[in-house]
Amino acid sequence: MSTRTGPEPFTTFAAPALPIDIANCDTDQIIPARFLRRADDDPEYHRFLLHDLRFDAVGGETDFIYNREPYRGARILVADINWGCGSSRENAVTALLANGFRCVIAPSIADIHYANCVRNGVLPVRLDAAACATLRAQLHANPGAEIAVDLESQSLSGPDQTRYDFEIDGFDKHRLRHGLDDIAMTLEHADEIDGFRADYGARRPWLG
Amino acid sequence: MGRTLFDKIWDDHVVHAREDGTDLLYVDRHLTHDLHFRAFAKLEAAGRHLREPDKLIAVPDHSVPTTAKTVADIPPGEMREAVEVLAAAADRLGFTHFPLTDPRHGIVHVIGPEQGLTLPGIFLVCGDSHTSTHGALGCISLGIGATEIQHVLATQTLWQRRPKRMRVTVTGALRPGVTAKDVILATIARIGTAGGTGHAIEYAGPVIDAMSVEGRMTVCNMTIEAGARSGLVAPDEKTFAYCRGRPFAPEGGAWDAALAHWRTLRSDSDAVFDTEVEIDGSEIAPMVTWGNSPQWATAVTGRVPDPGEAGDATTAETMRAALDYMDLRAGMALSDIAVDKVFIGSCTNSRIEDLRLAARVARGRRAVVPTLVVPGSGLVKLQAEAEGLDDVFRAAGMELREPGCSMCVGMNGDMLQPGERSASTSNRNFRGRQGPGSRTHLVSPASAAAAAVTGRFADVRDLLEEDDA
Ligand code: SF4
């Protein structure tokens, strides 16, 4: 039997936050395709996050916000609409984790990226656009300011201690809180899967 | 109350329903490609087994240079490693794999339908967002992430929460020179790239009914660009005719049984959709994108919009940034934009019908900019050659390559240089998608060919009229 293979459980998390003012920030921005063949434990992985925004053609740092102190120490990200749209690459979440990010807050987060976050112990929070804009403005005004997130009560507090409540699917919350590995959980239903398979094979014989 | 097509297929696959609304679904087909070459070692390291090897089909596409005919033609390094490791895993674990030397190889979303792996009524997954393509045959197809892939390998199931249902009805009839690609670009321009988030989209209406199965694939393919994970079209006689006789499709008595079931696959007349969108197909013109999001598309006869006229400050700022990146000025005519390269290919537009469309425009003309034509599979290439399309492309100075993802994504050697501008039949115009600093404009295969022979974004309808005159 393998040991626990699930992600790090998520309960509460407080950390400096990074504002990213890019609408529709797609996963090609979050991690360019040319890095997708790298191993998850590649020691360079942290550089791949938002790579082409952070580094120029010869690898020099740009003046992108994540290159500046104290934003380099951020571990929560506040984005704009449609964060993580585009390619299904889970590497986008690997790149977030390689830099210690455990929570992404945005007005909307693309479906596949959202699921990939949950599966890896990164809490995706959908907050309305006005709240996200306020948070980003506060983070620009107070570099290094913290956001504190509490999954249990489904709320977070901004740099000025304003409280925001958020919604999350019950099953996703359960997974995040316990750092659940879906496969172990699913294999508890092995008999049901076998039963389904037999019945389905009889109903849809052409699918073998 | 009636059920939608999506619900009927979903309900047919529920192994276990949790009270909180998440369902465990049985997966009929799992397709995969070279970017997931590490998935198998990971599965084995976790002490797990491939539950149903005969449900898994793999093909290399993303990492394949379009000049390579065999693995030995791939330069040593990351690309070749990905292709080799995938092939070795197929050998070891016993799943189907189409190597480079097999004419059945190609882009995963092209070969699924082509081989009859994709069939009406099934639940198909693949670790790629454009898996939405397969829904064109009347099935649920879902792009999944790496962790979900592990889950499917080990259990042949997937946990999913049922999405909301949206119906996009395209009314009227398309005008000559307007294609499926223009329909989906116009749809995304209308509902936005987040418009379909949390939904599965069923496409319906007379324009979809009249469309070929391949055209429906183009539409469903870019559903992910509208934010929805699944797009589908109710299967009809055209679909059944398309599936019939394909290598993995049922035959004989099994075919008859399948057909009887497939004929039940349509939304009930009283089914209620969470969201309904109607688009007048007669109003759609050939489309061109001008920004770094597929929603930023406009008719080729139009102009680059003015950020000053955007509804809100944030949108205006985003538009300005896009125009700056794309090196465009507000108000300039799209027909004044010159292109450096043309790419005809990708899982959106690399099927035989797409190549025929491009060839129709290219015939008797000369490309004035470098143009790559990349078929979606080895079989598409053979068909194109059998029809003499290769001669048409050659005579037009266009290069017909070996199948693969090619310039759709800058990771296999085919790409733009920084600052270069393309007319591309692919699906994403994101910054850097076709290589760092690349500038991508999305168009149909007909419009791409028009751009190739004129060197700018031309209204393909004018060229087609010249031909008819
Ligand atoms: S052709 Fe492009 S979009 Fe399609 S699978 Fe390949 S890389 Fe992805």
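Computed from a predicted structure; not experimentally measured. Below, chains carry the letters A, B, ... as their sequence lines are ordered, and counting in each starts from 1.
- No more than 12 heavy-atom neighbours from other residues, nucleotides or ligands sit within 6.0 angstrom of NE2 on His49(B).
- Of the listed residues (His113(A), Arg37(A), Gln29(A)), the greatest number of heavy-atom pairs within a distance under 4.5 Å of chain B belongs to Arg37(A).
- Counting heavy-atom pairs closer than 4.5 Å to chain A, the top-ranked of the candidates Ala146(B), Ala194(B), Gly143(B), Ser63(B) is Ala146(B).
- The distance between the ring centers of Phe196(A) and His16(B) does not fall below 6.0 angstrom.
- Proximity of a side-chain donor or acceptor of Asp28(A) to a complementary backbone N or O of Phe430(B) within less than 3.5 Å is not detected.
- Ranked by heavy-atom pairs under 4.5 Å with chain B, the list Ala129(A), Ala57(A), Gly86(A), Cys85(A) is led by Gly86(A).
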Apply salt bridge (charged side-chain N to carboxylate O under 4.0 Å, His left out) to residues Asp12(B) and Arg203(A) and explain how you reach the verdict. CA-CA 10 Å; Asp12(B) 203 34; Arg203(A) 276 190 293 133; 2.3 Å; yes
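- At a 4.5 Å heavy-atom cutoff, the contact between Asn120(A) and chain B is made by side-chain atoms alone.
- In this structure, the portion of Asn24(A) lying under 4.5 Å from any heavy atom of chain B is its side chain and not its backbone.
- Heavy-atom distances place both the backbone and the side chain of Asp194(A) under 4.5 Å from chain B.
- When heavy atoms are compared at a cutoff of 4.5 Å, Asp21(A) does not approach chain B at all.
- You'll find the side chain of Ile183(A) reaches within 4.5 Å of the side chain of Arg48(B), heavy atoms only.
- Heavy-atom distances place both the backbone and the side chain of Ala33(A) under 4.5 Å from chain B.
- Only the side chain of Asp80(A) comes within less than 4.5 Å of a heavy atom of chain B; its backbone N, CA, C and O stay farther away.
- By the 6.0 Å and 45° rule, Arg18(B) stacks over the aromatic ring of Phe171(A).
- In this structure, the portion of Ile109(A) lying under 4.5 Å from any heavy atom of chain B is its backbone and not its side chain.
- The choice from Glu90(A), Met185(A), Arg34(A) that makes the most heavy-atom pairs within less than 4.5 Å of chain B is Glu90(A).
- Taking His174(A), Arg204(A), Arg89(A), Arg38(A) one by one and counting their heavy-atom pairs under 4.5 Å with chain B, the maximum is reached by Arg204(A).
- The two residues Asp182(A) and His151(B) have their closest heavy-atom pair at CB-CD2, 3.5 Å.
- Residue contact with chain B, scored on non-hydrogen atoms closer than 4.5 Å, is absent for Ala133(A).
- Here Ala257(B) is the residue among Gly127(B), Gly253(B), Ala257(B) with the most heavy-atom pairs under 4.5 Å with chain A.
- In terms of heavy-atom pairs under 4.5 Å with chain A, the best-connected choice from Leu24(B), Asp28(B), Thr318(B) is Asp28(B).
- Counting heavy-atom pairs closer than 4.5 Å to chain B, the top residue among Asp169(A), Leu36(A), Val93(A) is Asp169(A).
- Ranked by non-hydrogen atom pairs under 4.5 Å with chain A, the options Arg29(B), Arg51(B), Gln156(B) are led by Arg51(B).
- Atom CD of Glu192(A) sits in a crowded spot, with more than 12 heavy atoms from other residues, nucleotides or ligands closer than 6.0 Å.
- Distance check, rounded to the nearest 0.5 Å: CZ of Arg229(B) to OH of Tyr114(A) gives 12.5 Å.
- When the candidates Arg161(B), His62(B), Gln295(B), Met415(B) are compared by the number of heavy-atom contacts under 4.5 Å with chain A, Arg161(B) comes out ahead.
- A salt bridge does not link Asp52(A) to Arg433(B): none of the charged nitrogens lies less than 4.0 Å from a carboxylate oxygen.
- Checked for salt-bridge contact, Arg197(A) and Glu52(B) meet the test: a charged N lies under 4.0 Å from a carboxylate O.
- Ser88(A) OG to Ile149(B) CD1: the interatomic distance, rounded to the nearest 0.5 Å, is 7.0 Å.
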